[in-house]
Amino acid sequence: MTPAPAPTEGAAGLAGGSRVPRHVAIIMDGNGRWAKQRGLPRGAGHRAGAEAVRRALQAAADNGVEVLTIYAFSSENWRRSDEEISDLTALMRFYLERELKTLEKERVKLKLIGDYSAFGPELVERLNRVVERTAGNTRLTLVIALNYGSRAEITGAARTLAAKAKAGEIEPSSIGEADIAAELQTAGLPELDLMIRTSGEVRLSNFLLWQAAYAELLFLDILWPDFDERAFSDALQAFAARNRRFGGR
Ligand code: IPE
Ligand code: IPE
Ligand code: MG
């Protein structure tokens, strides 16, 4: 057995002062229930959820987080009604249009994971344009997971490595964890430090399964549209109070 690689620490490291997570992921859940509580259609919950994305992005940037990865649409969300799916795509289009200025002003780089080609050429083109326009930004990376599924991602990595082995480019016995990580869509990003899920559900719903191996998990009862700067800084505080052992003592 090869020893496990040294774990990646947050920006300040375990011995450091502030212990800000470098990479935070959020499963933004509870838009539908938020709307239902108010007697509103689910679409209204998603619109309020988009405002919460804006606040989370600002809070991440202000607190010195390097990467914020948000789960916007899972590969299982196609099970929803056509109406809800078209509400969500319309909202993405609107959000991209409106937020491009903010991304530029706040020096945020946009990165996408998931098979977002499923959203059709028009949205794909808009998404790619924002990715290109923000590629040089370095303050924060916003990763949006669109039609993302972690098992599909890992399956894709397995396929690529199998093809390389078949072509004689690599030796199966030499495939290591780093080789798999390098084939995931999150390749090159810092290790995931903190995973937050709102709405009281306690599951990962096929999000970043490999990447979450040693992430701190935080499940909050708050519904996503109610998530604000305060909730974000409370989450960072909870993270800072955790004792990460990575298998050590
Ligand atoms: C999360 O809120 C947003 C997406 C999955 C796109 P939900 O729409 O899942 O809200 P609930 O879980 O029904 O309350
Ligand atoms: C997870 O939320 C997906 C996103 C937040 C995009 P869901 O609401 O789809 O998850 P389940 O169905 O409750 O597991
Ligand atoms: Mg949900």
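Whatever order the structure lists ligands and atoms in, that order sets their numbers, starting from 1. Numbers here are sequence positions counted from 1. Computation of the quantities below employed the complete heavy-atom set of this structure, encompassing side-chain atoms and omitting hydrogens, waters and symmetry-equivalent molecules. Small disclaimer: the values here were computed from a predicted structure and weren't measured.
- In this structure, the protein non-hydrogen atom closest to atom 2 (O) of ligand 1 is N31 N, 3.2 Å.
- Salt bridge R244/D193: present, at least one basic N to carboxylate O contact under 4.0 Å.
- Note that OG of S74 is 8.0 Å distant from CZ of R79, once rounded to the nearest 0.5 Å.
- Taking the side chain as every heavy atom from C-beta outward, E66 and H23 never approach each other to under 4.5 Å.
- Listed by atom number, the atoms of ligand 2 under 4.0 Å from A72 heavy atoms are 6 (C).
- Listed by number with element, the atoms of ligand 2 under 4.0 Å from a non-hydrogen atom of D29 are 2 (O), 8 (O).
- Ligand 1 has a nitrogen or oxygen under 3.5 angstrom from a nitrogen or oxygen of G32.
- Under a 4.0 Å criterion applied to the non-hydrogen atoms of R203, ligand 2 contributes the atoms 11 (P), 13 (O), 14 (O).
- Pairing each heavy atom of Y71 with each of N206, the nearest pair is OH-O, 3.4 Å.
- The two residues A59 and N63 come nearest to each other via the heavy atoms O-ND2, 2.7 Å.
- Each of the following atoms of ligand 2 lies closer than 4.0 Å to a heavy atom of F73: 6 (C).
- Heavy-atom contacts of Y71 reach the following atoms of ligand 2: 3 (C), 4 (C), 5 (C), 6 (C) (cutoff under 4.0 Å).
- To the nearest 0.5 Å, the span separating CG on L68 from CD on Q58 amounts to 11.5 Å.
- The CG atom of N31 sits 8.5 Å away from the CD atom of E84 when rounded to the nearest 0.5 Å.
- By the 3.5 Å distance cut-off applied to N or O atoms, R197 is counted among the residues near ligand 2.
- At a distance under 4.0 Å, no protein heavy atom can be found next to atom 12 (O) of ligand 2.
- Nearest to atom 9 (O) of ligand 1 by heavy atom, out of M28, E76, R33, R80, is R80.
- Within the 4.0 Å heavy-atom cutoff, G30 counts among the residues contacting ligand 1.
- Counting heavy atoms closer than 4.0 Å to ligand 1, residue N77 contributes side-chain atoms (C-beta onward) but none from N, CA, C or O.
- The nearest heavy-atom contact from the protein to atom 14 (O) of ligand 2 is S205 OG, 2.6 Å.
- Judged by distance alone, with hydrogens and angles left aside, the side-chain atoms of R19 form a donor-acceptor pair with the main-chain N or O of R242 at under 3.5 Å.
- Between the side chain of T69 and the main chain of V143, no donor-acceptor pair closer than 3.5 Å is present.
- In summary, an N, O or S atom of D29 is located under 2.8 Å from the Mg ion (ligand 3).
- Considering backbone and side-chain N/O atoms, R42 comes within less than 3.5 Å of an N/O atom of ligand 1.
- Checked against F73 for a ring pair (Phe, Tyr, Trp, His ring centres under 6.0 Å), the options F207, Y148, F119 give a single hit: F119.
- The closest approach between H46 and ligand 1 falls below 4.0 Å for a heavy atom of the residue.
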